[in-house]
Amino acid sequence: MTVDEEKYAAAAFAAGLVEDGMRVGLGTGSTVAPLIPALAARGLSLRCVATSDATAHAAVAAGLVVESFDQLPELDIAIDGADQIAPGPWLIKGGGRAHTREKLVAAAAGRFVVIASHEKVVPRLSAPVPLELLAFGLTSTLRRLRYAVPREGPQSPDGGIIADWTGEFDDPQALALLLEADPGVVGHGLFPPSYVTDVVVATGQHIEHTQHDRDAR
Ligand code: 5RP
């Protein structure tokens, strides 16, 4: 099975977790891409929030109802990919520049389901960690965050500068706190275990679905 087939399999499994009448957050990226037609094919009555224009367009084209986040501020479930999944589960997200929106949508969801092909599972997180930085004072912010490197390409849809933390780190919680303490950091791609309720990983034909209790953390 190829990595793309694994992404499809994980996405199809996650589509099966969605129930009629749910408010659904849709992530961004190549693992979410096959989720959208799989969800539409179920023919359920759903209301969706998208984390990027690309996802919104694909969802509408597939026949899903997409509303603004302010119209749907509470979600039953959100489904999204990840760049790295480490024990915890801790995640790194933001390869697709959407991590700030994705974190907001995950935080609004009763259940946050992460879908991935097998190579996303790692023993420990490592750089790069995507960042979104405020454009105002960017040079000053980059001087403070010695290991932040602006990424080539467009700004975030909310006008933020996309960069990557390239330094080494052992403790993701300590790095998250360091980044959150800087006034120039709008968001970062470290997602702690408190966000994640489900991880669905496809390894060849095998799907591993683990569930995590947010309240236990
Ligand atoms: C976008 C993300 C994606 O979920 C992450 O980059 C994984 O992408 P893909 O499913 O294409 O491998 O965080 O900001």
Side-chain angles (χ1 to χ4, degrees), residues 1-15 24-39 48-59 69 75 77-86 88-109 111-122 125-133 148 150-166 172 175-176 179 185-193 195-203 207-208:
M1 222 175 177
T2 65
V3 162
D4 280 348
E5 287 168 333
E6 288 182 352
K7 289 181 181 185
Y8 180 88
F13 183 93
V24 184
L26 300 171
T28 291
S30 60
T31 316
V32 167
L35 169 73
I36 292 167
L39 212 46
C48 302
V49 169
T51 51
S52 63
D53 287 347
T55 294
H57 289 143
F69 197 16
L75 302 167
I77 191 168
I79 306 173
D80 204 347
D83 300 305
Q84 297 178 40
I85 304 171
W90 270 90
L91 312 177
I92 289 181
K93 290 185 46 54
R97 301 171 178 269
H99 45 288
T100 303
R101 287 187 176 196
E102 290 169 339
K103 196 175 275 183
L104 283 163
V105 165
R111 197 170 174 187
F112 179 49
V113 181
V114 181
I115 54 177
S117 45
H118 77 279
E119 85 287 1
K120 301 293 183 60
V121 177
V122 296
L125 300 182
S126 60
V129 177
L131 305 173
E132 181 166 346
L133 306 176
R151 204 188 292 175
E152 293 288 324
Q155 296 182 342
S156 85
D158 304 299
I161 305 299
I162 301 298
D164 291 292
W165 173 271
T166 59
L175 179 57
L179 295 170
V185 176
V186 177
H188 60 75
L190 289 165
F191 282 52
Y195 277 84
V196 183
T197 62
D198 297 68
V199 177
V200 177
V201 176
T203 305
I207 296 281
E208 186 175 20

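We count ligands from 1, going down the list as the structure has it; atoms in each ligand are counted the same way.
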Quick one: closest heavy-atom pair of [X] and [Y], and the distance?
| X | Y | answer |
| --- | --- | --- |
| Ile162 | Pro154 | CG1-O, 4.2 Å |
| Leu125 | Gln84 | CA-OE1, 3.3 Å |
| Arg97 | Ser156 | O-CB, 4.5 Å |

Using the side-chain contact (heavy atoms from CB on, under 4.5 Å) criterion, which residues pair with Thr31? Sequence neighbours excluded.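 Scan of Thr31 (side-chain contact (heavy atoms from CB on, under 4.5 Å), adjacent residues dropped) gives Lys7, Ile115, Lys120.
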For Pro150, which residues count as a side-chain contact (heavy atoms from CB on, under 4.5 Å) partner, sequence neighbours excluded? Leu142
Quick one: which ligand 1 atoms are inside 4.0 Å of a heavy atom on [X]?
| X | result |
| --- | --- |
| Ser30 | 9 (P), 10 (O), 11 (O), 12 (O) |
| Arg97 | 14 (O) |
| Asp80 | 4 (O) |
| Ala82 | 4 (O), 5 (C), 7 (C) |
| Asp83 | 5 (C), 6 (O), 7 (C) |
| Gly81 | 4 (O) |

Which option, Glu102, Glu119, Arg101, owns the non-hydrogen atom nearest atom 1 (C) of ligand 1?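 Residue with the shortest heavy-atom distance to the ligand atom: Glu102.
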Among Lys7, Lys93, Lys103, closest by any non-hydrogen atom to atom 4 (O) of ligand 1: Lys93
Closest protein heavy atom to [atom], given as residue, atom name and distance to 0.1 Å:
| atom | result |
| --- | --- |
| atom 12 (O) of ligand 1 | Lys120 NZ, 2.6 Å |
| atom 10 (O) of ligand 1 | Thr31 OG1, 2.6 Å |
| atom 3 (C) of ligand 1 | Thr28 O, 3.3 Å |

Quick one: does Asp83's side chain have a donor or acceptor within less than 3.5 Å of a partner on Gly94's backbone? yes
Carefully, step by step, assess Ile92 and Leu190 under the rule side-chain contact (heavy atoms from CB on, under 4.5 Å). CA-CA 5 Å; Ile92 289 181; Leu190 289 165; 3.9 Å; yes
Out of the candidates Asp80, Ile36, Val49, only one should pair with Thr55 under the side-chain contact (heavy atoms from CB on, under 4.5 Å) rule; please name it.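 So, applying the side-chain contact (heavy atoms from CB on, under 4.5 Å) to Thr55 and each of Asp80, Ile36, Val49, only Ile36 qualifies.
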If you measure every N or O of Ala98 against every N or O of ligand 1, does any of those distances drop under 3.5 Å?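 Min N/O separation from ligand 1 is below 3.5 Å for Ala98.
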Check: Val32 N/O within less than 3.5 Å of ligand 1 N/O: no
If we only consider heavy atoms of Gly94, is any one of them less than 4.0 Å away from an atom in ligand 1? yes
Which one holds for Ala116 and ligand 1: side chain close, backbone close, both close, or neither close, with close meaning a heavy atom under 4.0 Å? neither
Glu6 and His118: side chain donor to acceptor below 3.5 Å: yes
Neighbour count above 12 (heavy atom, 6.0 Å) for Tyr8 OH: no
